[in-house]
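A quick write-up on the structure given underneath.
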Amino acid sequence: MYNQTLFLPQMGCGTWAWGNKVLWGYNQSMDNDLQQVFNLCVENGVTLFDTGDSYGTGKLNGQSEKLLGIFTKEYEGINKQDICIATKLAAYPWRLTRGAMVSAGKASAKRLGRNIDLVQMHWSTANYFPWQEWALLDGLADLYEQGLVKGVGLSNYGSQRLRKVHQKFAERGISITSLQVQYSLLSTYPVTELGVKEVCDELGIRMIAYSPLCLGILTGKYTKGNYPKGIRNFLFRQLIPSAKSLLECLREVAEFRNKTMSQVAINWCICKGTIPIPGAKNSQQAQENIGALGWNLDAGEIAELDKAAAGTDKKMVQNIFQTK
């Protein structure tokens, strides 16, 4: 039986970019930089690494998991025992049975070269194929019962669906460890509209905040005419002008605190009782993310940021799989 203890730190590291050429411009020459990111994170207590079996484009599918497997094996510094690899298994249309999900988990473990610590359902099929979902969730529970994972989590679930899955797992004596949703100052919908944090707290589930920097918008590094190329360009042109007052508020708090805007945006997520998982492609970005730890915004600063966020006309588009 796999050791059933799971340690979740204050902040994690998202690895969506590790293997993604299309959105994040990954190439394999970046692997040494990514190993440094991994090492720096673990050394500083950022021991949760979030990945997915769908991460990596084209022939690089699964690349993020493979890299995490290599980096974990190579790492010999402090906090090694606390490393938590959380992967998400995709609800692909060809995965129709609980056995398919168990096989997917075993394939991820093979790429990682180790057992998965936290296995998560990448998205719910409730919006389009609700009958498919229950078999896949049974497969996640099977992975846990077979001792192949330490914990089970969900991603992109709203409070109503979360309660149903919680009840289903409880019938098998299994707790849900975590719920992962898109949450940032520009994506408050899962909490303010769906009430997921309230339900997580009630049910003893940790909430993980993905895209806490809203794909880079909240870093303040992008101004009009200085948007990234590719898919993000359209999004940035839509959101940044609308978020002007929020970005100004972020900048003011950051200057007062002698922090960066990124650090304030991440710390805001921590102060809201979530575990943010910002990504990093180099040690400079990782170091900046780590600077969000070890201090807290005060109640007045949080209120100002909340007010600025609420006054923003255009919000980040929600994941199409996010359920109610």
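Throughout, residue positions are numbered sequentially from 1 according to the sequence presented.
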Over 12 foreign heavy atoms within 6.0 Å of CD, Q167: no
Heavy-atom closest pair, residues S108 and L89: OG-CD2, 3.6 Å
Test log, rule side chain to side chain contact (heavy atoms under 4.5 Å, CB included), inputs L162 and L154: CA-CA 8 Å; L162 175 60; L154 305 172; 3.7 Å; yes
Side-chain donor-acceptor pairs under 3.5 Å in residues 35-52, sequence neighbours left out?
residue	atom	partner	partner atom	Å
Q35	NE2	N39	OD1	3.0
N44	ND2	L40	O	2.8
T47	OG1	D82	O	3.4
D50	OD1	K88	NZ	3.4
D50	OD1	Q120	NE2	3.2
D50	OD1	Q180	NE2	3.0
D50	OD2	K88	NZ	2.5
T51	OG1	S64	OG	2.8

N282 side-chain N/O to D33 backbone N/O, donor-acceptor pair under 3.5 Å: no
Those residues that, when tested against Q182, pass side chain to side chain donor-acceptor pair (under 3.5 Å) (two or more places apart): S187
Pairwise side-chain contact, Q285 with P278, heavy-atom cut-off 4.5 Å (strictly under): no
Heavy-atom check, side chain of W134 versus side chain of V165, under 4.5 Å: yes
Side chain proximity check, Q63 to R111, heavy atoms < 4.5 angstrom: no
Geometric class of the Y92/W94 ring pair [parallel <30°, tilted 30-60°, perpendicular >60°]: parallel
Spacing of Y75 atom OH and L68 atom CG [to the nearest 0.5 Å]: 14.0 Å
Check: T97 side chain, A100 main-chain N or O, donor-acceptor pair, under 3.5 Å: yes
Identify all side-chain donor-acceptor contacts of residues 236-247 below 3.5 Å with residues at least two apart in sequence or on another chain.
residue	atom	partner	partner atom	Å
R237	NE	N233	OD1	2.7
R237	NH2	N233	OD1	3.4
S242	OG	K314	N	3.0

CG-CG distance between D53 and N61, expressed to the nearest 0.5 angstrom: 7.5 Å
Residues in ring-ring contact (aromatic ring centres under 6.0 Å, His included) contact with H122, at least two apart in sequence or another chain: Y55
Donor-acceptor under 3.5 Å (K80 side chain, T72 main chain): yes
L305 versus C249, closest heavy-atom pair with distance: CD2-SG, 3.8 Å
Centroid-centroid distance, W123 to Y128, less than 6.0 Å: no
Distance-minimising heavy-atom pair for A126 and T323: CB-CG2, 4.0 Å
ILVMFWY network linking L250 to W295, side-chain heavy atoms under 4.5 angstrom: yes
CG-NZ distance between L297 and K272, expressed to the nearest 0.5 angstrom: 10.0 Å
Verdict with supporting geometry, M121 and M101, side chain to side chain contact (heavy atoms under 4.5 Å, CB included): CA-CA 9 Å; M121 182 84 155; M101 215 55 167; 3.6 Å; yes
Pairing residues for N226 by the side chain to side chain donor-acceptor pair (under 3.5 Å) criterion, not counting sequence neighbours: none
Working for side chain to side chain contact (heavy atoms under 4.5 Å, CB included), residues R98 and L136: CA-CA 5 Å; R98 61 200 297 171; L136 302 187; over 6 Å; no
Residue list, side chain to side chain donor-acceptor pair (under 3.5 Å) with K324, at least two apart or on another chain: none
Nearest atoms (heavy-atom pairs only) where A254 meets M261: CB-N, 3.8 Å
Straight-line distance of R95 CZ to Q132 CD, nearest 0.5 Å: 10.0 Å
Where G151 and T177 come nearest, the two heavy atoms and their spacing: CA-OG1, 3.7 Å
Hydrophobic cluster identity match, L185 and F256, side-chain contacts under 4.5 Å: no
4.5 Å side-chain heavy-atom contact, R232 and Y222: yes
Side chain S184, main chain L186, donor-acceptor under 3.5 Å: yes
Over all atoms of both residues, closest heavy-atom pair of G147 and N115: O-ND2, 4.1 Å
List the atom pairs, donor and acceptor, that lie under 3.5 Å between side-chain atoms in residues 204-214 and the rest of the protein, sequence neighbours left out.
residue	atom	partner	partner atom	Å
Y210	OH	N156	OD1	2.6
Y210	OH	N319	ND2	3.2

Under 3.5 Å donor-acceptor, Y157 side chain and Q160 backbone: no
Nearest-0.5 Å distance, CG of residue D298 to CD of residue E304: 10.0 Å
F7 CZ to Q81 CD distance, which is reported to the nearest 0.5 Å: 9.0 Å
Pairs where residues 186-202 contributes a residue and the test salt bridge (Lys or Arg N to Asp or Glu O under 4.0 Å) is met, not counting sequence neighbours: R163-E202, K197-D201
Side chain to side chain donor-acceptor pair (under 3.5 Å) involving T87 - partner list, sequence neighbours excluded: E65
Verdict with reasoning, Q10 to I275, per side chain to side chain contact (heavy atoms under 4.5 Å, CB included): CA-CA 6 Å; Q10 265 198 314; I275 303 171; over 6 Å; no
Partners meeting ring-ring contact (aromatic ring centres under 6.0 Å, His included) with Y26 (sequence neighbours left out): none
Atom NZ of K106 with >12 non-hydrogen neighbours under 6.0 angstrom: no
Side chain proximity check, V102 to Q146, heavy atoms < 4.5 angstrom: yes
Side chain to side chain, I176 and V152, heavy atoms closer than 4.5 Å: no
All pairs passing salt bridge (Lys or Arg N to Asp or Glu O under 4.0 Å) where residues 248-267 contributes a residue, at least two apart: R257-E301
Any pair counted as salt bridge (Lys or Arg N to Asp or Glu O under 4.0 Å), so long as it reaches residues 167-188, sequence neighbours left out: D138-K168, D138-R172, D142-R172, E145-R172
CG (N27) with more than 12 external heavy atoms under 6.0 Å: yes
